[in-house]
Amino acid sequence: MTLRLFDSATRAERDFVPLVAGHVGIYLCGATVQGSPHIGHMRAAVAFDVLQRWLERSGHTVTLVRNVTDIDDKILDKAAHAGEPWWSWALRFEREFGAAYSALGVLPPAIEPRATGHIPQMVALIARLIERGHAYELAGSVYFDVRSFGAYGALTRQAAEDLTLPADAAGDDKRDPRDFALWKAHKDGEPATASWESPWGPGRPGWHIECSAMAQRYLGEAFDIHGGGLDLRFPHHENEQAQSRAAGYEFAALWMHSAWVTQAGAKMSKSLGNGLLVSEVLAHHAAPAVRLALASVHYRSMLEYTPSTLDDATATWNRLAGFVTRAAERVGQPSDVVSADLPAGFVEAMDDDLAVPRALAHIHDSVRAGNAALAAGDDEAAAAALVAVRAMLDVLGLDPMSPQWSGSSGASTALTALDALVRADLDARAQARARRDWAAADAIRDRLAAVGIAIEDSTEGARWSLEH
RNA sequence: GGUGGAGUGGCCGAGAGGCGAGGCAGCGGCCUGCAAAGCCGUAUACGUGGGUUCGAAUCCCAUCUCCACCUCCA
């Protein structure tokens, strides 16, 4: 079976065939760095990270371009309000996004191009659109001529005349109210640093043109997949496609859109408060559990966020990681995880438009079989389950033994010291248990529990872990 | 108004004509000194009303409710 993906443009699933066999070019709309990342942003990032991992696991070389839009109206507004240069404002949030991505194990893209670093490419593309009769200049700004491009609306299947007109459309002289800016003439009051020379005078790029220009520069005139959040479909993606195709380029062969995070059925937004900022969530929950929560719903379904979402994911993560830890202690680490065979059901699920929930069900099956094997003393079966579980989790970016999650950075010396202290307690408790002094044994366990250290007894002795 | 999406057991979530995915929580049992972890078992679920069918959560008709995009949004 081959990978099938749902194409948002045709609203149908189809076999995925790369333009160049074995290579996949993906353009992913990253952040407009105007504020701190929240878990909705990360949901999209994780969804496409799983896509990349699955494509690579299936033998493809993936070139993923994830842009940073570091100049736009909002950035200018917010920075001005804060009395800070817009460029430093943008970079600050770009860093926050970067930290959030890496905290959640999102693989770094092949390149992360910034809009402000590609002004010449945008200017060239705009000039080409004017030449071809699909754009026109007006008082130092340049607009895309929607009516000149018959296929406008193709991506979202909307007829241009059905669109609600923007509220501010009445006053200007655009040929059509739906025409959108490719180049915005410099306005008095805007910082000089937000202005670049162009054939139409000083100004700055419009919102959509950067993606068309950068996709072409790094992936070529035609590429395999364009991704982003569902809310970018219109107008952003529609306009991107219109620009690129009007310029004579094929652009994306397939579109993928990830759904958002909802609360009580409604889309998450900044107005709901800071509790869902990545920094806030990570302060209270383990990063792999957060990633698991974001990945465990199909990427095209809304992810309903409830107060128990992260607690549930934490419990699940503990179960998965617990099995891997216990199994590894018993049978040792497999030499190779990344090329180990994957269970057929798992492969089938992932090949079916990345059906992660179904894939997870297979992971749970293997974990249960593995736990049963451990209990029965069947090391061979336990070892087989361990490899399978780690290999499957690796596809989701959730292998507990990966460097990302096995954690051996700055905290290790503290953990080593703590381990020595806790082991002393565990030895004392073992002695108390040996003389059947249950009160003393329980007192030790309770004292450790009170500071967040959980004890598990097993035939091999006691094991401790930090409760998160 | 236009374009789409969704309503599944206490909760989260798959599935899409026929052996009731999976997880969390709950209940019963095994294991344990007691726990924890683990294992086994355990649910008259598919918005409502009709219809098609031997058989529907899955198809058809009607209907209710919710959400999103069309302005910035992952």
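Values below: all heavy atoms of this structure, side chains included; hydrogens, waters and symmetry mates excluded. Below, chains carry the letters A, B, ... as their sequence lines are ordered, and counting in each starts from 1.
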J.: When the P atoms of rU48(B) and rU58(B) are compared, how many Å lie between them, rounded to an integer?
T.: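 Per the computed distance, 10 Å lies between those P atoms.
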
J.: Please check if atom CZ in R114(A) has more than 12 non-hydrogen atoms from other residues, nucleotides or ligands closer than 6.0 Å.
T.: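 It does not: R114(A) CZ has 12 such atoms or fewer within range.
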
J.: Please confirm whether R57(A) makes a cation-pi placement over W54(A), using NZ or CZ under 6.0 Å from the six-membered ring centre and within 45° of the ring normal.
T.: no

J.: Students often get this wrong, so: under 4.0 angstrom with heavy atoms, is A361(A) touching a base, only sugar-phosphate, or nothing?
T.: base

J.: How would you label the contact of G40(A) with the nucleic acid (heavy atoms, under 4.0 Å): base, sugar-phosphate, or nothing?
T.: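 If one applies the 4.0 Å heavy-atom cut-off, G40(A) turns out to touch a base.
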
J.: Quick one: does E238(A)'s side chain have a donor or acceptor within less than 3.5 Å of a partner on L155(A)'s backbone?
T.: yes

J.: Among the nucleotides rA74(B), rG23(B), rC72(B), which one has an atom lying closest to any side-chain atom of K74(A)?
T.: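 Per side-chain heavy atoms of K74(A), the pick is rC72(B).
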
J.: I'd like to know whether K184(A) forms a salt bridge (Lys or Arg N to Asp or Glu O under 4.0 Å) with D73(A), so could you lay out the CA-CA distance, the side-chain angles of the two residues, the decisive distance to 0.1 Å, and finally the verdict.
T.: CA-CA 10 Å; K184(A) 296 184 163 193; D73(A) 294 350; 3.0 Å; yes

J.: Need one value for M42(A): base, sugar-phosphate or nothing, where a base atom within 4.0 Å counts as base even if backbone is also close, heavy atoms only.
T.: nothing

J.: Hey, does G153(A) reach any base, or is it just sugar-phosphate, or nothing, if we go heavy atoms under 4.0 Å?
T.: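 Nothing: the residue G153(A), judged by heavy atoms under 4.0 Å, touches no strand.
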
J.: Could you pull out the closest heavy-atom pair between A194(A) and I71(A), with the gap in Å?
T.: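 So the minimum-distance heavy-atom pair works out to CB-CD1, 4.0 Å.
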
J.: Taking only the C1' atom of each, what is the distance from rA25(B) to rG10(B) in whole angstrom?
T.: 7 Å

J.: Using whole Å, report how far CD1 of I363(A) lies from C1' of rA21(B).
T.: 14 Å

J.: Which whole number of Å gives the distance between the P atom of rA62(B) and that of rC70(B)?
T.: 29 Å

J.: Could you walk me through whether H298(A) and D353(A) pass the side-chain contact (heavy atoms from CB on, under 4.5 Å) test, one step at a time?
T.: CA-CA 9 Å; H298(A) 186 93; D353(A) 195 31; 3.5 Å; yes

J.: Taking atom C1' of rG13(B) as reference, at what distance in whole Å does atom CZ of R300(A) sit?
T.: 15 Å

J.: Any base atoms under 4.0 Å from H298(A), or only sugar-phosphate, or nothing? Heavy atoms, all strands.
T.: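 Since only primed, P, OP1 and OP2 atoms lie under 4.0 Å of H298(A), the category is sugar-phosphate.
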
J.: For D341(A), look at atom CG and say whether over 12 heavy atoms of other residues, nucleotides or ligands are found less than 6.0 Å away.
T.: no

J.: So what does E304(A) hit on the nucleic acid, given a heavy-atom distance under 4.0 Å: a base, only sugar-phosphate, or nothing?
T.: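 Touches sugar-phosphate only.
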
J.: Quick check against the 3.5 Å criterion: does D70(A) have a side-chain atom that pairs as donor or acceptor with the backbone of A90(A)?
T.: no

J.: Rounded to the nearest Å, what distance is computed from the NE2 atom of residue H237(A) to the P atom of nucleotide rA74(B)?
T.: 10 Å

J.: Describe the nucleic acid contact of T309(A) in one word from base, sugar-phosphate, nothing, applying a heavy-atom distance below 4.0 Å.
T.: nothing

J.: Just to be sure I understand the rule, does S301(A) reach a base, reach only the sugar-phosphate, or reach nothing, if contact means heavy atoms closer than 4.0 Å?
T.: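 Since only primed, P, OP1 and OP2 atoms lie under 4.0 Å of S301(A), the category is sugar-phosphate.
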
J.: Would you say CH2 of W87(A) has more than 12 non-hydrogen atoms from neighbouring residues, nucleotides or ligands within 6.0 angstrom?
T.: no

J.: In terms of side-chain heavy atoms of R358(A), which of rA68(B), rA14(B), rC70(B) is nearest?
T.: rA14(B)

J.: Run through RNA chain B and report every stem of 3 or more consecutive Watson-Crick or G-U pairs, distances under 3.5 Å, ordered by first number.
T.: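 The stems are B:1-7 with B:64-70, B:10-12 with B:22-24, B:26-30 with B:38-42, B:47-51 with B:59-63.
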
J.: Atom NE2 of H364(A) and atom P of rC24(B): how far apart are they, to the nearest Å?
T.: 6 Å

J.: In whole angstrom, what separates F180(A)'s CZ from rC72(B)'s P?
T.: 12 Å

J.: Sugar-phosphate atoms are those with a prime plus P, OP1 and OP2; base atoms are the rest. Using that split, label each nucleotide of nucleotides 26-40 of chain B B, S or - for protein heavy atoms under 4.0 Å, 5' to 3'.
T.: -------BBBBSSSS

J.: Figure out the CZ/P separation between R11(A) and rC69(B), and round it to whole Å.
T.: 17 Å

J.: Under 6.0 Å between ring centres: does that hold for H257(A) and H237(A)?
T.: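 Under 6.0 Å, so yes.
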
J.: Rounded to the nearest angstrom, tell me the gap between atom CG in D353(A) and atom P in rA14(B).
T.: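 That distance rounds to 12 Å.
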
J.: Suppose you measure atom C1' in rA45(B) against the same atom in rU8(B); what distance do you get, rounded to whole Å?
T.: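 Rounded to whole Å, the distance is 6 Å.
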
J.: Are H118(A) and Y218(A) an aromatic pair, judged by ring center distance below 6.0 Å?
T.: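 When the ring centroids of Y218(A) and H118(A) are compared, they turn out to be within the sub-6.0 Å range.
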
J.: Roughly how far apart, to the nearest Å, are rG23(B) and rG15(B) at atom C1'?
T.: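 So the two C1' atoms sit 15 Å from each other.
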
J.: May I ask you to say what R157(A) touches in the nucleic acid, namely base, sugar-phosphate or nothing, with a heavy-atom cut-off under 4.0 Å?
T.: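 If one applies the 4.0 Å heavy-atom cut-off, R157(A) turns out to touch the sugar-phosphate alone, with no base involved.
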
J.: Can you check the distance between rG17(B) and rC60(B), where both ends of the measurement are the P atom (answer in whole Å)?
T.: 11 Å

J.: For the side chain of D365(A), starting at C-beta, report the closest nucleotide among rC72(B), rA74(B), rG22(B).
T.: rG22(B)

J.: Between rA16(B) and rC46(B), how far is it from one C1' atom to the other, in whole Å?
T.: 11 Å

J.: In whole Å, what is the span from the CE atom of M302(A) to the P atom of rA74(B)?
T.: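 Distance, rounded to whole Å: 15 Å.
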
J.: Which is more 5' along RNA chain B, the nucleotide nearest G265(A) or the one nearest S308(A)? Just name the residue.
T.: S308(A)

J.: When the P atoms of rU52(B) and rG1(B) are considered, how many whole Å apart are they?
T.: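 It works out to 33 Å between them.
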
J.: Starting at the 5' end of RNA chain B and moving along, which residue's nearest nucleotide shows up first, A159(A) or G229(A)?
T.: A159(A)

J.: Does the side chain of K78(A) get closer than 4.0 angstrom to OP1 or OP2 of rC72(B) through an N or O atom?
T.: no

J.: Considering non-hydrogen atoms only, spot the tightest contact between L374(A) and A382(A) and give its length.
T.: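 Where L374(A) meets A382(A) most closely, the heavy atoms are CD2-CB, 3.7 Å.
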
